[in-house]
**Q** 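This is the structure I want to talk about, given as structure tokens.
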Amino acid sequence: MPWTIEEVLSLLRNEYDVQSWWPSSSAFEVALGAILTQQTRWENVLLCLDSLRDHGLLDVERLAAADTSLLEELIRPCGFFRQKAHRIQYLCRHILDVHGGETAGMLQGGLDECRRELMSLPGIGPETADSILLYGGGRPVFVAASYCLRVLNRTGACSFQDYEEVRENVEQELGPDPLALGDLYALLVELAKEHCRKQPICKGCPLETRCSFKVGRT
DNA sequence: ACCCAGGTGTTTC
DNA sequence: GAAACACATGGG
């Protein structure tokens with residue numbers, strides 16, 4: 001018997017606490033974190049956000065005007081620092097030029113339009129765009145990252161392979177509930193951290209009874 | 001000395 | 001179209 005997405009969510013909610021999983025004081029900070037965390041551990045992201053805060057750079061206008069070399073040095077621990085510095089400053093200029101410096105304003109329009117707009121920016125793909133919309137804008141979207149997809153596939157909760165199809169399927173199943181959608185992504189990431197990466201077989205994994213599988217590259 | 005992380009963009013078959 | 005590669009630091 002395959003699991004339903006609601007069952008996976010419910011079971012994982014009993015297993016992990018993701019109350020303040022994406023700590024942030026503003027939509028802009030979420031956007032910065034979303035870019036910095038690409039292919040990077042979250043602890044390093046927090047470090048870099050603190051550095052930016054210390055330099056008074058958690059601000060759209062000041063970050064846009066900041067010296068690029070300085071920004072690169074401050075975010076160096078997050079890796080890909082040249083690419084990420086450029087992506088961040090491009091985003092800042094976009095928010096200033098198109099949305100009068102209001103990050104929240106960029107996340108308030110029609111959902112499909114917002115997604116397309118974000119993904120048209122350099123270095124913002126589907127996962128980054130959806131993270132910003134979900135955790136920064138409180139919009140009801142699911143981040144269908146590859147390991148989420150893998151677990152949902154293996155448990156039989158979702159049989160799609162394509163990012164967009166999985167996203168829409170989960171959104172359909174859970175309904176337009178940002179808390180549920182945000183929790184599910186966070187919980188699946190936590191599950192992957194604890195089990196799926198450490199050992200080839202999901203030993204001790206809460207989903208083990210029906211989900212025992214080898215982990216491939218993401 | 002390897003392998004990988006809360007991805008994305010470009011190049012190549 | 002999919003696969004392979006580049007981007008880069010830090011921790012296990």
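We name chains A, B, ... by the order of the sequence lines, and we start the count at 1 in each one.
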**Q** Could you tell me the boundaries of the chain A footprint on DNA chain C, defined by atoms under 4.0 Å from its heavy atoms?
**A** C/dC7 to C/dG11

**Q** Is any side-chain heavy atom of A/Gln38 closer than 4.5 Å to a side-chain heavy atom of A/Gln83?
**A** no

**Q** So which one's nearest nucleotide on DNA chain B is more toward 5', A/Glu190 or A/Gly123?
**A** A/Glu190

**Q** Which residue lies toward the 5' end of DNA chain B, A/Met119 or A/Glu43, if each is placed at its nearest nucleotide?
**A** A/Glu43

**Q** Just the rounded figure in Å: distance from P of B/dG9 to CD1 of A/Ile35.
**A** 10 Å

**Q** Is it true that atom CZ of A/Arg53 has more than 12 heavy atoms of other residues, nucleotides or ligands lying nearer than 6.0 Å?
**A** yes

**Q** How many angstroms lie between atom CG of A/Leu36 and atom CD of A/Glu29, to the nearest 0.5 angstrom?
**A** 10.5 Å

**Q** Enumerate the residue pairs fulfilling ring pair (Phe, Tyr, Trp, His ring centres under 6.0 Å) with a member in residues 50-72 of chain A, sequence neighbours excluded, ordered by first and then second residue.
**A** none

**Q** Which ones in residues 71-93 of chain A lie close to DNA chain C, meaning a heavy atom under 4.0 Å from one of its atoms?
**A** A/Arg76, A/Pro77, A/Gly79, A/Phe80, A/Phe81, A/Arg82, A/Gln83

**Q** Name every donor-acceptor pair, under 3.5 Å, that has one atom in a side chain of residues 177-186 of chain A and the other anywhere in the protein, sequence neighbours excluded.
**A**
unit_1	atom_1	unit_2	atom_2	d
A/Asp177	OD1	A/Leu179	N	3.0
A/Asp177	OD1	A/Ala180	N	3.4
A/Asp183	OD2	A/Arg13	NE	3.1
A/Asp183	OD2	A/Arg13	NH2	2.9

**Q** Mind checking the P distance from C/dG11 to B/dT8? Whole angstroms is fine.
**A** 24 Å

**Q** Just jot down the salt bridge (charged side-chain N to carboxylate O under 4.0 Å, His left out) partners of A/Arg41, sequence neighbours excluded, or say none.
**A** none

**Q** Rounded to the nearest Å, what distance is computed from the CD atom of residue A/Gln39 to the P atom of nucleotide B/dC3?
**A** 15 Å

**Q** First locate atom CD of A/Glu43, then atom SG of A/Cys78, and finally report the distance between them rounded to the nearest 0.5 Å.
**A** 10.5 Å

**Q** Which residues pass the side chain to side chain donor-acceptor pair (under 3.5 Å) test with A/Gln89, sequence neighbours left out?
**A** A/Thr68

**Q** If you define the side chain from C-beta out and look only at heavy atoms, does anything of A/Arg115 sit under 4.5 Å from A/Asp130?
**A** yes

**Q** Suppose you measure atom P in B/dC3 against the same atom in C/dA6; what distance do you get, rounded to whole Å?
**A** 15 Å

**Q** Nearest whole angstrom, please: distance from the P of B/dG7 to the OH of A/Tyr163.
**A** 11 Å

**Q** Determine the contact category for A/Leu47: base if any of its heavy atoms lies under 4.0 Å from a base atom, sugar-phosphate if only primed atoms, P, OP1 or OP2 are that close, otherwise nothing.
**A** nothing

